[in-house]
Amino acid sequence: MIRVLLADDEELIRLALAALLDLEPDIEVVAHAADGRAALDAALAHRPDVAVLDLEMPAPGGIQVAAELARVLPGCATVILTGHGRPAHLRPALTAGARGFLAKGAPGGALADVIRRVHAGARYVDPALAADALTLPECPLTPRELETLRLAELGTPVAVIARRTHLAAGTVRNHLAACVQKLGAADRAEAVRRAREAGWL
C-alpha cells in the first residue's frame, strides 16, 4: 500500500480527493491537514510515502512544506496540487524537491497515477503547465527589488521596509519605483498584482 498524506485548506476538496483515492486498491490516505504546519506535523507523525500538498494553503505553503519534507523526511515524495495553474511556480516547486506538479482540474484518476509514479521514483509535471513554463518571460526585477516589493505587498510603510531590509528609505523608494516602471504598472499595488500573477512573488 502507498501511504498518502493530503494537505489542502479547502475541506471539500480534501475530502473529495480522499474519497477518490480510497477507491484505489493500492493507496491508503493515512492523514489529512488543513495548513502547512499541520501537514508537517502529520507527516512526521504518520511518515507517509507520498504527501499531496496544496500550493497555496495557509503558511507554510506547499512549496515550503515540500522543501522541509525533503530535509526531514527524504523518503516521502511530494506532489504539489495547484488550482490556479501558474507555470511560474513550477521551477520553485521542483527545486524544493517536489516530484509531481498537477493542476486540480486534472481528470479524476490522474492524481492516483501521479502518486504511483512519484512513489516509484519518477517525476510528473502537468504537460500544459510545463509547456506554459517554457514560454514564461524572465522576471525583470532584481532579487532586492523583489524582496522590497514583497514587503510592500501588504501596504507596509517605506520606513518599516527600510528597517527590515537594512536599506535607506530613499533606496527603498527607488526600488519600488523601479518595480513600478519595469512592470509597466500605474502604482505600487498594480506592480504587486502583476508580479504575483506572473508568479514572481
Side-chain angles (χ1 to χ4, degrees), residues 7-14 33-41 51-71 78-98 100-105 125-126 128-130 132-201:
D8 194 306
D9 60 321
E10 296 183 55
E11 187 176 12
L12 271 178
I13 290 176
R14 197 171 65 245
D35 59 53
R37 176 50 43 208
L40 287 169
D41 291 343
V52 177
L53 310 169
D54 179 26
L55 176 71
E56 295 185 339
M57 63 185 160
I63 292 174
Q64 291 85 2
V65 173
E68 184 64 11
L69 287 178
R71 189 179 70 78
T78 54
V79 175
I80 300 288
L81 279 183
T82 174
H84 303 292
R86 292 185 183 145
H89 291 120
L90 181 56
R91 186 182 306 276
L94 297 176
T95 301
F101 198 88
L102 184 67
K104 286 184 181 177
V125 174
D126 182 280
L129 289 174
D132 288 345
L134 291 173
T135 61
L136 266 186
E138 287 292 315
C139 178
L141 306 179
T142 66
R144 187 60 104 169
E145 288 166 350
L146 271 175
E147 179 188 15
T148 306
L149 192 61
R150 188 174 292 112
L151 289 170
E153 185 173 11
L154 302 173
T156 309
V158 168
V160 174
I161 296 172
R163 263 198 317 277
R164 288 186 186 167
T165 56
H166 306 290
L167 296 172
T171 304
V172 169
R173 283 190 203 88
N174 289 342
H175 284 322
L176 292 173
C179 293
V180 169
Q181 187 266 323
K182 286 181 179 180
L183 297 178
D187 56 26
R188 203 183 297 175
E190 187 181 349
V192 167
R193 183 179 55 76
R194 289 189 178 192
R196 179 144 309 278
E197 284 173 358
W200 298 324
L201 283 182

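Just the heavy atoms: all of them, side chains too, but no hydrogens, waters or symmetry mates, feed the values below. Quick note: residue numbers are just sequence positions, from 1.
Shortest non-hydrogen contact noted between Ile80 and Ile63 is CD1-N, 4.1 Å. For Phe101 against Thr82, the heavy-atom pair with the smallest separation is CE2-CG2, 3.8 Å. The two atoms that bring Ala66 and Thr78 nearest to each other are CB-OG1, 3.8 Å, heavy atoms only. Of all heavy-atom pairs spanning Cys139 and Leu146, the tightest one is SG-CD1, 4.0 Å. Considering every non-hydrogen atom in both Leu69 and Ala51, the closest pair reads CD1-CB, 3.8 Å.
Evaluation of the side-chain contact (heavy atoms from CB on, under 4.5 Å) rule for Glu11 yields Arg14, Leu15 as partners, not counting sequence neighbours. Judged as a side chain to side chain donor-acceptor pair (under 3.5 Å), and not counting sequence neighbours, the contacts of Arg194 are Glu190. Every residue meeting the side-chain contact (heavy atoms from CB on, under 4.5 Å) condition with Ala67, not counting sequence neighbours, appears here in chain and number order: Ala96. Under the rule for a side chain to side chain donor-acceptor pair (under 3.5 Å), the partners of Asp54 that lie at least two apart in sequence or sit in another chain are Lys104. By the salt bridge (Lys or Arg N to Asp or Glu O under 4.0 Å) test, Asp9 pairs with no residue at all, sequence neighbours left out.
Put simply, the side chain of Glu68 never gets that close to the backbone of Val65: no donor and acceptor are under 3.5 Å apart.
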Donor-acceptor contacts under 3.5 Å from residues 179-186 side chains, at least two apart:
from, atom 1, to, atom 2, distance (Å)
Lys182, NZ, Pro140, O, 3.3
Lys182, NZ, Glu145, OE1, 2.9
Lys182, NZ, Glu145, OE2, 3.3

Which atom pairs, one a donor and one an acceptor, fall under 3.5 Å between side chains of residues 150-160 and the rest of the protein, sequence neighbours left out?
from, atom 1, to, atom 2, distance (Å)
Glu153, OE1, Arg196, NH2, 2.9
Glu153, OE2, Arg196, NE, 2.7
Glu153, OE2, Arg196, NH2, 3.0
Thr156, OG1, Leu151, O, 2.7

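For the atom pair OG1 (Thr142) and CZ (Arg144), the distance works out to 8.5 Å, reported to the nearest 0.5 Å. Here the straight-line distance linking atom CD of Glu147 with atom CG of Leu141 works out to 12.5 Å at 0.5 Å rounding. Note that CG of Asp35 and CG of Asp8 are 11.0 Å apart. Values are rounded to the nearest 0.5 Å.
Sequence neighbours left out, not one pair with a member in residues 164-178 passes side-chain hydrogen bond (donor to acceptor under 3.5 Å, both in side chains).
Residues Leu176 and Leu149 are in side-chain contact: their nearest non-hydrogen atoms beyond the backbone lie under 4.5 Å apart.
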